[in-house]
Amino acid sequence: MAETSTGTTPKFYDLTLEQRWQWLQTHTNLSAEEIAALSGKAGLSAEQADHMIENVIGTFALPLGIARHFVVNGREVLVPMAVEEPSVVAGASFAARLARAGGGFTAHTTEPHMIGQMQILDLPDPSSARLRLLEAREALLAEAAAVDPVLQRLGGGPRDLEVRLIESSPIGPFLVLHLIYDVRDAMGANAVNTAVERLAGRVQAITGGRVLLRILSNLADRRLARARCTIPLRELAFGDFRPETVRDGIIAAWAFAAADPYRAATHNKGIMNGVDAVVIATGNDWRAVEAGAHAYAARSGRYTSLSTWGKDAEGNLVGTLEMPLAVGIVGGATRVHPAARAALKLMGVSTARELAEIIVSVGLAQNLAALRALATEGIQRGHMALHARQVAIAAGATGEMIERLAEQLVRENTVRIDRAEEILREWSQKHS
Ligand code: NAD
């Protein structure tokens with residue numbers, strides 16, 4: 001659901017928890033039950049969880065925040081983020097505000113095409129088996145199409161077939177068949193796995209070989225999401241830093257990631273801070289998204305940055321992000337988990353592609369927030385105030401004491417649990 005008056009409402013972070021729930025009630029179309037699911041007062045029950053995985057003993061909660069100021073393809077979006085790490089939600093919101101000054105994020109996705117793989121072994125002549133499979137393309141696609149009439153009716157289903165010869169492997173050559181499958185609004189793993197399992201018999205008959213693995217590939221490079229943004233130069237001024245200095249610092253920081261895998265891993269982790277938080281909040285499979293992102297980052301044979309940063313003719317900062325994003329709004333946990341359902345409604349998305357367009361924009365925003373901090377004052381200053389609260393809680397502070405203790409730790413520039421415990425002891429001695 002779009003915000004009606006972003007910027008004119010009081011600062012969201014200044015509101016109390018109670019006021020934020022109230023705000024959701026008046027500014028979104030979420031019902032009281034849906035707000036309760038997001039607030040943690042209701043939501044996924046142990047009984048519901050018991051139907052989802054094995055040996056259930058309960059549920060596990062994470063903090064859920066809303067990133068603000070996001071404009072994606074001209075539409076204002078409230079972005080739910082489930083994450084335990086301080087500064088992620090604040091960073092995304094801050095960067096979204098910078099991007100908003102340049103028109104927000106422009107994002108698009110390719111068709112939701114996933115790849116199902118089949119490994120075909122024991123072939124005396126893999127090359128001719130490959131051609132026989134390609135000759136049978138139409139029959140194989142027709143058989144795959146019959147597997148999921150729901151997807152077929154919705155305009156999805158098998159699209160293409162590729163056969164690759166792996167010439168050298170630890171067990172010698174074998175064939176790999178790729179079934180390209182349009183999964184519409186699903187993440188698609190179950191749909192694709194079912195289709196490739198169904199085809200195994202016919203593939204064995206055609207090739208005379210033995211089909212072993214039949215499974216989706218998480219390198220979903222046929223299902224890409226792309227986002228770009230322009231940050232007007234003037235928006236980058238920060239304290240004593242000139243906007244040109246900040247812009248060029250961000251570009252230099254990106255160049256480091258583009259050239260060095262040690263930096264690229266951390267750079268991409270920063271992107272995934274944003275991506276995963278939304279993927280999790282919407283009940284999607286974050287391991288699948290993680291696996292796809294990192295495999296894509298290494299597609300040239302050398303692991304590198306998923307994003308790019310540069311400047312346009314006017315000197316504004318421009319950023320892009322491209323990555324595979326296999327997320328759904330049906331299937332998996334997306335419709336089962338009450339908070340995930342409410343999170344999807346909050347964003348007002350009606351297709352999986354729209355969801356991916358928001359997520360890739362959040363990834364780009366998160367990347368910008370991290371690079372800007374790194375290229376100026378460093379990451380720790382912004383981080384410490386929030387981190388100090390966690391340290392205060394871990395040391396045993398409760399209620400109003402948490403904020404007081406956190407402030408003192410930051411003031412002393414010693415955000416450490418031993419010092420936090422020491423202060424708590426001093427305070428309790430004073431009061432005893
Ligand atoms: P699913 O099977 O629960 O739902 C997809 C099905 O929903 C489709 O096959 C279709 O029949 C139906 N459907 C109804 N409306 C639809 C619409 N508008 N668009 C598309 N389909 C529609 O889920 P899934 O998305 O196929 O699989 C996702 C699950 O698979 C996740 O829980 C994931 O964790 C799991 N998984 C992942 C892997 C992997 O990533 N390697 C492997 C196995 C399982």
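In listed order, ligands and their atoms are each counted from 1.
- Judged by distance alone, with hydrogens and angles left aside, the side-chain atoms of Thr110 form a donor-acceptor pair with the main-chain N or O of Leu224 at under 3.5 Å.
- Short contacts between ligand 1 and Asn218, defined as distances under 4.0 Å to a heavy atom of the residue, involve ligand atoms 39 (C), 40 (O), 41 (N).
- In the candidate list Ala186, Gly332, Ser350, Ala189, Gly332 is nearest to atom 23 (O) of ligand 1, counting heavy atoms.
- The aromatic rings of Phe70 and Phe105 lie parallel to each other, their planes meeting at an angle below 30°, with 60° marking the opposite boundary.
- Across Leu368 and Ala95, no two heavy atoms sit closer than the pair CD2-CB, 4.0 Å.
- An N or O contact shorter than 3.5 Å links Gly188 to ligand 1 by distance.
- Distances from atom 42 (C) of ligand 1 to the heavy atoms of Thr334, Asn193, Val327 put Asn193 nearest.
- Proximity annotation for atom 39 (C) of ligand 1: of Asp182, Thr194, Leu216, Leu216 comes nearest, heavy atoms only.
- Considering backbone and side-chain N/O atoms, Asp148 comes within less than 3.5 Å of an N/O atom of ligand 1.
- Residues Thr26 and Gln22 have side chains that never bring a donor and an acceptor to within less than 3.5 angstrom of each other.
- Side chains of Asn367 and Trp254: no donor on one and acceptor on the other come within 3.5 Å.
- Inter-residue side-chain proximity for Met52 and Leu44 is flagged as met; some heavy-atom pair is nearer than 4.5 Å.
- Between Asp285 and ligand 1, at least one pair of N/O atoms sits closer than 3.5 Å.
- Relative to atom 18 (N) of ligand 1, the option among Val183, Val150, Asp185 with the closest non-hydrogen atom is Asp185.
- By the 3.5 Å distance cut-off applied to N or O atoms, Ala191 is counted among the residues near ligand 1.
- Taking each of Ile215, Leu151, Leu154 in turn, the one with a heavy atom nearest to atom 17 (C) of ligand 1 proves to be Leu154.
- For the side chain to side chain contact (heavy atoms under 4.5 Å, CB included) criterion with Tyr181, the lone passing option out of Asp160, Asp148, Thr194 is Asp148.
- Protein heavy atom nearest atom 7 (O) of ligand 1, with residue, atom name and distance: Val330 CG2, 4.5 Å.
- Counting atoms of ligand 1 from 1 in the listed order, those under 4.0 Å from a heavy atom of Arg184 are 19 (N), 20 (C).
- Under 3.5 Å, the side chains of Glu357 and His108 contain no donor-acceptor pair of N or O atoms.
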